[in-house]
Number of protein chains: 2
Amino acid sequence: MRGSRDVRRPATLASLAAELGVSRTTVSNAYNRPDQLSAPLRARVLEAARRLGYPGPDPVARSLRTRRAGAVGLLLTEALSYAFRDPAATGFLEGLALACERAGSGLLLVPVSPELADVTAVHQAGVDGFVVYSVREDDPHFKAVLERPVPTVVCDQPLHVEGVDRVGIDDRAAMLDLARHLTGLGHRHIGVLCMRLGTGRYDGPADDARQNGATYPVQRNRLGGLRDGFAEAGIDWAGIPVHERFAHSVDAGQAAAAELLAAHPEITAIACTSDILALGALRHAAERGLAVPEDLTITGFDGVPEGLRSGLTTVRQPVLEKGRAAGELLLERGDRNRPRTVVLPTELIVGTTSAVPRSPERWFSGW
Amino acid sequence: MRGSRDVRRPATLASLAAELGVSRTTVSNAYNRPDQLSAPLRARVLEAARRLGYPGPDPVARSLRTRRAGAVGLLLTEALSYAFRDPAATGFLEGLALACERAGSGLLLVPVSPELADVTAVHQAGVDGFVVYSVREDDPHFKAVLERPVPTVVCDQPLHVEGVDRVGIDDRAAMLDLARHLTGLGHRHIGVLCMRLGTGRYDGPADDARQNGATYPVQRNRLGGLRDGFAEAGIDWAGIPVHERFAHSVDAGQAAAAELLAAHPEITAIACTSDILALGALRHAAERGLAVPEDLTITGFDGVPEGLRSGLTTVRQPVLEKGRAAGELLLERGDRNRPRTVVLPTELIVGTTSAVPRSPERWFSGW
DNA sequence: CGGCGCAACGGTAACGGTTCAGACGCGGGG
DNA sequence: CCCCGCGTCTGAACCGTTACCGTTGCGCCG
């Protein structure tokens, strides 16, 4: 209503002070330290501000002076919009947002192009700290973040970096449990579906070289857990087909499951490194008329709501807690000890998508 | 590895320039305009930067000088974490994020306390513009945003504000269609479940005064659409029970449906102003052993994935497109015409949760 | 050899605030 | 009467950077 939006030359703290014949300090105090000036003068300042359309101290200038931006930056490997698409990421972000709003801090989603190595966005972000969510170890954006002189918390990143706090789960141990569950049921021919392992857009079987070169710690550890668990049951990892998908979507999981089963019809179980992929595998099974779990056992990882609703056998990880812990680690730095590491518990959820394989397979030594 | 993280006095562009014996401008150019200085000198600058642990130009100082923050602020009424919990909001944000990443802009989630009128977070946000998503007309944060001298786009807000672009749908017309669908099926005793209408934490029946005082335009228009549609079939709005819920969750919808049916057992249909509430109503029906749609028709609004999976009769609105449009309106301001308004299309989805009411009701004049 | 144009670089002034150490009057206690 | 303390308000120094414009050096042409 008031013509405050179309002022030619925007008012500044200085112009306001000049107008009133007081010092800049006084105007500043009117906003930030009401007890430092008399009430009548403060009222005069605020009235003049309204009259001149002065919107209050400029946040950027204030940030420069106070060395506080009032925001936390979030870096994730995927495109920005991925944060709202993937349920596990969404849960993490909800927890992170919770911590942020408690601390009165904003949350800046840093725009990164997953392919492009353009780190200007990281350089451009005016933030008090970064949360890095599940990125490649050699991600250039990650590297750029570490160069910034602000505190950083990484999530799902076992690599120890000087001065960087960490939060995550024990992916390997969790997956080891799941592997034991599978071998305990008697499965011996198991296929694996995993997410992106490294740089470059690749879809298909992941051979040993590719697995060993994996730069996503989460995927590496989950595969490692499976390997260890299978080894305990005397199953050689070399005989386990692992199929990788660049995209993380139900569709990708479906396609990967089709590819895997076509190449290895003897398989009685598919272990997926994420619920999303597992949901895709379930869809493929339904499409092909395979009964789950009678004909085929399918397991996931994460414990996303949709997976749990489907009765998926999976590992539930506290994604929301992870986000909250990351935020708190970053924001509540009252106790400036040394870098800390938070490892959150996981839980094996045995649903209705895993069972003893059909008879020809029942050769396990138990009972 | 290099001791760049624990430098006592952080290096600045000026200190680097002093160290090298060149001007600050030259160092600045080394980063921002590589073509403005010779390659060897640039290499020397960058090398010295690495050696001194200079992380590159400070983003906040740069923002102050260039008057660009490289980020868009998002304001929503609910708590920050709500953005990741509500599927409609998530869709909107995904679209907005898409637009942001295309423009290389960050997305700053501004932390607001829905109850508290603390607008400092709005003042503190260093952004080039705001997107305001579905807030009360009299929201103090919204007011604070309008006072900031940056472009603003509002979503789902028919109120015209000078210089503010808008994006949304025609809630009233969409709901009118849905009302016609219900009356066309023969429903005459219809209950309504709606979201928060105004200030204050209130759960229960919303009388006329409360409906007319509604400060959430979206809710007001959806109710208005129902009212108009019912009027066309000769149904007096005064006889329509409307129940309101403060919280927007499936649980809230479930409780509200229970309350509504307890108070009005003659109801044959429940029209909800959101899918989330409708999913709650569905859950209540299942719990009480009511067959849907045979015993009870239930409709929603939004077209969220979970609703569509459930076969919910609803109105699909392009939430992702809304977000993208909002972002583009804000970011692609090449054509500085006058403020614009984008109204996106909606679609009535007739699912499996709406049908002709049981016989005693079949008195409508058709055939 | 002088003038000219261009590439490379430097100096100065913002950008809009916050902060800290006082200055200034004023009333009260010694 | 002097000194002190207190409530208010001011001056000036930053915060770290980029925009603007002037300067310098060099090669080239007539």
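In this text the structure is predicted, and so the values were computed from the model without any measurement. Letters A, B, ... mirror the listed sequences (proteins, then strands); counts begin at 1.
Residues that satisfy the side-chain contact (heavy atoms from CB on, under 4.5 Å) test with B:Glu321, not counting sequence neighbours, are B:Pro318, B:Arg324, B:Leu344. By the ring-ring contact (aromatic ring centres under 6.0 Å, His included) test, A:Tyr216 is found to be paired with no residue, residues two or more places apart in sequence or in another chain being considered. The side chain to side chain donor-acceptor pair (under 3.5 Å) check on A:Arg102 picks up A:Glu332, with sequence neighbours excluded. Qualifying ring-ring contact (aromatic ring centres under 6.0 Å, His included) partners for A:Tyr31, counting only residues two or more places apart in sequence or in other chains: A:Tyr54. Every residue two or more places apart in sequence or in another chain was checked for a side chain to side chain donor-acceptor pair (under 3.5 Å) with A:Asn29, and none qualifies. Every residue was checked against the ring-ring contact (aromatic ring centres under 6.0 Å, His included) condition with B:Phe130, not counting sequence neighbours, and none meets it. The ring-ring contact (aromatic ring centres under 6.0 Å, His included) test applied to B:Phe84 returns A:Phe84, not counting sequence neighbours. Under the side chain to side chain donor-acceptor pair (under 3.5 Å) criterion, A:Ser28 pairs with A:Asn32, not counting sequence neighbours.
The residue B:Val22 sits close only to the backbone: its heavy atoms come under 4.0 Å of sugar-phosphate atoms, none of a base. Among the protein residues, A:Gly56 comes within range of the sugar-phosphate backbone only, with heavy atoms under 4.0 Å from sugar or phosphate atoms but none that close to a base.
An OP1 or OP2 oxygen of D:dC15 is reached within less than 4.0 angstrom by no side-chain nitrogen or oxygen of A:Arg67. Contact annotation: B:Tyr31 side-chain N/O to D:dG16 OP1/OP2 distance is not under 4.0 Å. The side chain of B:Ser23 places an N or O atom within less than 4.0 Å of a non-bridging phosphate oxygen (OP1 or OP2) of C:dG10.
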Distance-only check: which donor-acceptor pairs under 3.5 Å involve side-chain atoms of residues 15-27 of chain A, not counting sequence neighbours?
from    : atom 1 : to      : atom 2 : distance (Å)
A:Ser15 : OG     : A:Thr12 : N      : 2.9
A:Ser15 : OG     : A:Thr12 : O      : 2.9
A:Ser23 : OG     : A:Thr25 : N      : 3.4
A:Ser23 : OG     : A:Thr26 : N      : 3.2
A:Ser23 : OG     : A:Thr26 : OG1    : 3.2

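A heavy atom closer than 4.0 Å to some atom of DNA chain D occurs in A:Leu37, A:Ser38, A:Leu41, these being the qualifying members of residues 37-45 of chain A.
In this structure, CG of A:Leu13 is placed 15 Å from P of D:dC9, rounded to the nearest angstrom. Between the CG atom of B:Leu64 and the P atom of C:dA14 there is a distance of 14 Å, given to the nearest Å. One interatomic measurement links the two molecules: CG of B:Asp35 to C1' of C:dC9, which rounds to 14 Å at whole-angstrom precision. If you measure from atom CD of B:Gln36 to atom C1' of D:dC20, you get 13 Å, rounded to the nearest angstrom.
The residue among B:Thr26 and B:Ala61 whose nearest nucleotide of DNA chain C is located toward the 5' end is B:Thr26.
Across B:Arg148, B:Arg68, B:Arg67, a single residue satisfies salt bridge (Lys or Arg N to Asp or Glu O under 4.0 Å) together with B:Asp128, and that is B:Arg68.
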(request) Produce a footprint string for nucleotides 19-27 of chain C: one letter per nucleotide, 5' end first; B if the base is under 4.0 Å from any protein heavy atom, S if only the sugar-phosphate is, - if neither. (result) BB-------
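B:Pro57 has its side chain out of reach of A:His123: every pair of non-hydrogen atoms, C-beta onward, lies at least 4.5 Å apart.
One axis for each end of the helix from C:dC1-D:dG30 to C:dG30-D:dC1, each built from five base pairs, and the angle between them comes to 60° at 10° resolution.
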